[in-house]
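To find a chain, count down the sequence lines: A is the first, B the second, and so on, and within it residues start at 1.
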Amino acid sequence: MENLSSVTCRHRYSSLFLHQPQRRYFTNHSSACCSLDIKHASFESTPISKSLEPSSSSWDFHPLKELNGCTNLVSVKATHARTMKFLNRFELEFIAKCLITRYLEFGEFGYASSVFFMGFPRIQVSWRDLLEEMEHYGVEKYKVLEEFVQLQNKGVKFDGVVLAMVLRICAVLMYRLLGFTIHGGLIKRGLECSDTRVVSALMGFYGRCVSLDFANKVFDEMPKRDDLVWNEIVMVNLRSGNWEMAVRFFREMQFSGPKAYDSTMVKLLQVCSNKEGFEEGRQIHGFVLRLGFDSNVSICNSLIIMYSRNGKLESSREVFNSMKERNLSSWNSVVSSSTKFGYVDDAMGLLDEMETCGLKPDIVTWNSLLSGYASKGLSRNAIGILKRLQIAGLKPNTSSISSLLQAVAEPGLLKLGKAIHGYVIRNQLWYDVYVKTTLVDMYIKTDCLPYARIVFDMMDGKNIVGWNSLISGHSYAGLLKDAEALMSGMEKEGIKPDAVTWNSLVFGYATWGKTEKALAVIGKMKENGVMPNVLSWTAILSGCSKNGNFRNALKVFIKMQKEGVSPNAATISCLLRILGCLSLLQSGKEVHSFCLRNNLICDAYVATALVDMYAKSADLQSATEVFYGIKNKPLASWNCMIMGYAMFGRGEEGIAVFTAMLEAGMEPDAITFTSVLSVCKNSGLVREGWKYFDLMSSQYGVIPTIEHCTCMVDMLGRSGYLDEAWDFIQTMPLKPDATIWGAFLSSCKIHRDLELAEAAWKRLQVLEPHNPANYMMMINLYSNENRWEDVEHIRNSMRVHRVRIQALWSWIQIDHTVQVFYAEGKAHPDEGEIYFELYKLVSEMKKLGYVPDTSCMHQDVSESEKEKLLMGHTEKLAMTYGLIKQKGKAPIRVVKNTNICSDCHTVAKYMSVLRNREIVLQEGARVHHFRNGKCSCNDSW
DNA sequence: ATAGGGTTAG
């Protein structure tokens, strides 16, 4: 055995040197010998080349053909030997490549690497190609270096160009010591500046393994610089991430004359794709056009990607459209940029175009489309793409699976998610870290926390993304203690929480109403050197708004701005919701103008939130204007618009919007029907209400929710069909909850039906014993009948349940301040002035026939006392204040936190006549618009 | 050239 191996070993090298004058190649190294002039090196200096005179037999020999035909190692070796006799410099590169490939195929790394080292100095072969070839056969770069060292130890002397190549490998593998040794040898032999290939390799090595400054110094000291050296110094700077310096060298190069390589341009554009480099990138685009590089496909592809990464979809499309020649990469780039911007439909169009051009989409194309659908949550379309790629004979890879898992990550699709998990296992895709983390996240998002945990525990090398998925899942579910525990577990494993970890916690605390805790997490972030970003603040804003903590939310928003964090579309959407809930129209308008200035108006969420804000702030005109300005109206914007008409009780218009929406091809969802039924409810359109309630499930497949039922009960009850409402409650498919009975009770209150009211009250005492509104309605009902004992009984019951009387307030925004009028407690500083004006108004009103309506007063006091209390209603004060303070013609807008009484309604009508002013009075989800003594609700509410 | 975790309206 030993014998054999030693034979093989000897054989390995001897056969390679068989017909070659090895000494000449490797020892006798004058700089002339290793100069760039290959023709001389390979022909004149070798005796064999003398025999390369065309002979009849040599013309019949086709080394490449023969090599490719070899079926065993012996024949490869034989051909190798024959090849050396018939060296033809034009074919040498290919022969060398082919030889290496064939040797590698037979596992003969030694032969292959020797060809590799031997072939190079004399041919313009791309060393990178060959290294890739070797890598393809599993030969690692370090083995190439090992071979090199072995050859060197045997006394082989390499010329500068081979050494340059080895230096490049040293740079990639960070073999600093070997690199230094090689450099030392080069200096000793005076080869340091012998060849620009040596110089550029040195720059590359120093740039990567020592410092960029050192590489730049080598460049500065280099006496002669050709294209190669210039391109190299740009590349070295690019690789080190100093793109500014790279651009500077690139500019200098333009003035000095050398020509940029395509690859340099491509890399330069790639690096300039980052935000900071974008301006430079644009200028390089100018160079590209001037230098005629725009005919180069790869460069144009890089331009497409650069524009796409910087949010310039149109420019990227322009580059694409201007290309005369396109390859698969070009199409893939433009498809990916379309999907990235959310235009998956456009991308699908491109796919068709691509196929008509005769280009077959590859896995990358399909994956781009998959990810486009996945990020939009369009699981069906994503699965459609999966089918198409499979029909095309392709197999989904880890990237496809990641996107698919993202697409099915919603509670209803757990089965699909599990099926994909099965596919992962069957096809051994578990090794991929993206697959693992998206699996964890899929189980989190399908509310399958235990599964997520199991999958996560199975992961080896748990990464921060997996941890964060778990933490966010627990946070989201309100399991904040578990989330905190997971975070400390993660820290124990040596992984530092990042902004995402923290934001998940901020979001969890904020969503579950713990604003203080959420703010504390923000503080903790800062302590740990992680800066809270716009998402952290938006999370708190969203939490506050979900919990009705609107005024706190505004404080948070101001704090955020003080900390120098500027809002994005999501923040603004949240803020608009808050402003809408507070009916702060003035502030809402300011935010609207902010959106216009900052180009946020195109965002679908922002536009919808604006419609919603205007509707909630009772400015239907502005809501309509924004709504009709939206180009591709999302479903939610239609829903908001319909809801806006519902609030104003403008039934016909609301239904017209709904009809227009259907005509526009939109599919109504559950919320659409809540809005439509609200329209019917608030406009007394009982017949239409029934119609849409039936159509909802029969034609549109929307299953009625408790909200829809509440609308129906409210609609029937308010319109006086109390018995029908009662029957509806008895027969409805869902269990009636407190909102149902509350709506019913409120109808009983309007129609003074004590018997049915008591029936509702019986249930509400169980279902909702802490809601003061129910108690107030009962007090109202009993006091109307003068049943003061019962009133006292209810009041007692409130004490027992520790239910406080609802705080009542109204407010009005004048300029930038909000004036709040409370029913109890702090009096308004201008109270005297307000009452003076109010009584003046009342005396004028009385001349026109106004009689105070004290029916809403539930106190057992004298009539004159009742009237006095009546005049103190907060909405009256707020309206009067508006009439005094608000200049101009704009309507007076007052918001009240609870229902208004009939007397205030009447007073508002008189006010609108006497002061010739429109008044908009908002009570929760309903708006009264008073003009010339009439109200938009036609007195039915 | 494609893939993973945190925020947004009704």
If you check every side-chain atom of [X], which of [options] has the closest atom?
{"X": "V500(A)", "options": "dG6(B), dT7(B), dG10(B)", "result": "dG6(B)"}
{"X": "S399(A)", "options": "dG10(B), dT2(B), dT7(B)", "result": "dT2(B)"}
{"X": "I305(A)", "options": "dA9(B), dG10(B), dA1(B)", "result": "dA1(B)"}
{"X": "T437(A)", "options": "dG10(B), dG4(B), dA3(B)", "result": "dG4(B)"}
{"X": "S371(A)", "options": "dA3(B), dT8(B), dG10(B)", "result": "dA3(B)"}
{"X": "D362(A)", "options": "dT8(B), dA1(B), dA3(B)", "result": "dA1(B)"}
{"X": "A609(A)", "options": "dA9(B), dG10(B), dA3(B)", "result": "dA9(B)"}
{"X": "S472(A)", "options": "dG6(B), dA9(B), dA1(B)", "result": "dG6(B)"}
{"X": "S336(A)", "options": "dT2(B), dG10(B), dG6(B)", "result": "dT2(B)"}
{"X": "T608(A)", "options": "dA1(B), dA9(B), dG4(B)", "result": "dA9(B)"}

Rounded to whole Å, please give me the gap between [atom1] in [X] and [atom2] in [N].
{"X": "R388(A)", "N": "dT2(B)", "atom1": "CZ", "atom2": "C1'", "answer": "17 Å"}
{"X": "Y431(A)", "N": "dA3(B)", "atom1": "OH", "atom2": "P", "answer": "16 Å"}
{"X": "R309(A)", "N": "dT2(B)", "atom1": "CZ", "atom2": "C1'", "answer": "12 Å"}
{"X": "N397(A)", "N": "dT2(B)", "atom1": "CG", "atom2": "P", "answer": "13 Å"}
{"X": "L470(A)", "N": "dG4(B)", "atom1": "CG", "atom2": "P", "answer": "18 Å"}
{"X": "M613(A)", "N": "dT8(B)", "atom1": "CE", "atom2": "P", "answer": "19 Å"}
{"X": "M531(A)", "N": "dT7(B)", "atom1": "CE", "atom2": "P", "answer": "20 Å"}
{"X": "I630(A)", "N": "dG10(B)", "atom1": "CD1", "atom2": "C1'", "answer": "13 Å"}

Note to self: Between F673(A) and F693(A), is the ring centroid distance below 6.0 Å?
What the structure shows: no

Note to self: Counting the benzene-type ring for Trp, do Y443(A) and H421(A) have ring centres under 6.0 Å apart?
What the structure shows: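 So the answer is yes for these two rings.
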
Note to self: Taking 5.5 Å and 30° as the limits, would you call Y434(A) and the base of dA3(B) a stacked pair?
What the structure shows: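 Stacked: ring centres under 5.5 Å, planes under 30°.
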
Next item on the list: Please check if any side-chain donor atom of N427(A) sits under 3.5 Å from a side-chain acceptor atom of K395(A), or the reverse.
Entry: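 On atom types as modelled, these side chains qualify, holding a pair under 3.5 Å.
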
Which is true for [X] with a 4.0 Å heavy-atom rule: it touches a base, it touches only sugar-phosphate, or it touches nothing?
{"X": "V334(A)", "answer": "nothing"}
{"X": "T398(A)", "answer": "base"}
{"X": "N301(A)", "answer": "nothing"}
{"X": "A604(A)", "answer": "nothing"}

Are any of [X]'s side-chain N or O atoms less than 4.0 Å away from OP1 or OP2 of [N]?
{"X": "K445(A)", "N": "dG6(B)", "answer": "yes"}
{"X": "K616(A)", "N": "dA9(B)", "answer": "no"}
{"X": "R577(A)", "N": "dG10(B)", "answer": "yes"}
{"X": "S542(A)", "N": "dT8(B)", "answer": "yes"}

Next item on the list: Determine the sole option in D612(A), L584(A), L585(A) for which the side-chain contact (heavy atoms from CB on, under 4.5 Å) test with L579(A) is passed.
Entry: L584(A)

Item checked: Worked verdict on R453(A) versus D482(A) for salt bridge (charged side-chain N to carboxylate O under 4.0 Å, His left out) -> CA-CA 12 Å; R453(A) 197 64 193 251; D482(A) 296 296; over 6 Å; no

Check: To the nearest 0.5 Å, how far apart are CG in L535(A) and OG1 in T571(A)?
Finding: 7.5 Å

Next item on the list: Check N503(A) against M525(A) and note the closest heavy-atom contact, atom names and distance.
Entry: OD1-CE, 3.8 Å

Next item on the list: Please state whether the base of dG10(B) and the side chain of D669(A) form at least one donor-acceptor pair under 3.5 Å?
Entry: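 For D669(A), whose side chain was compared with the base of dG10(B), there is a donor-acceptor pair (under 3.5 Å).
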
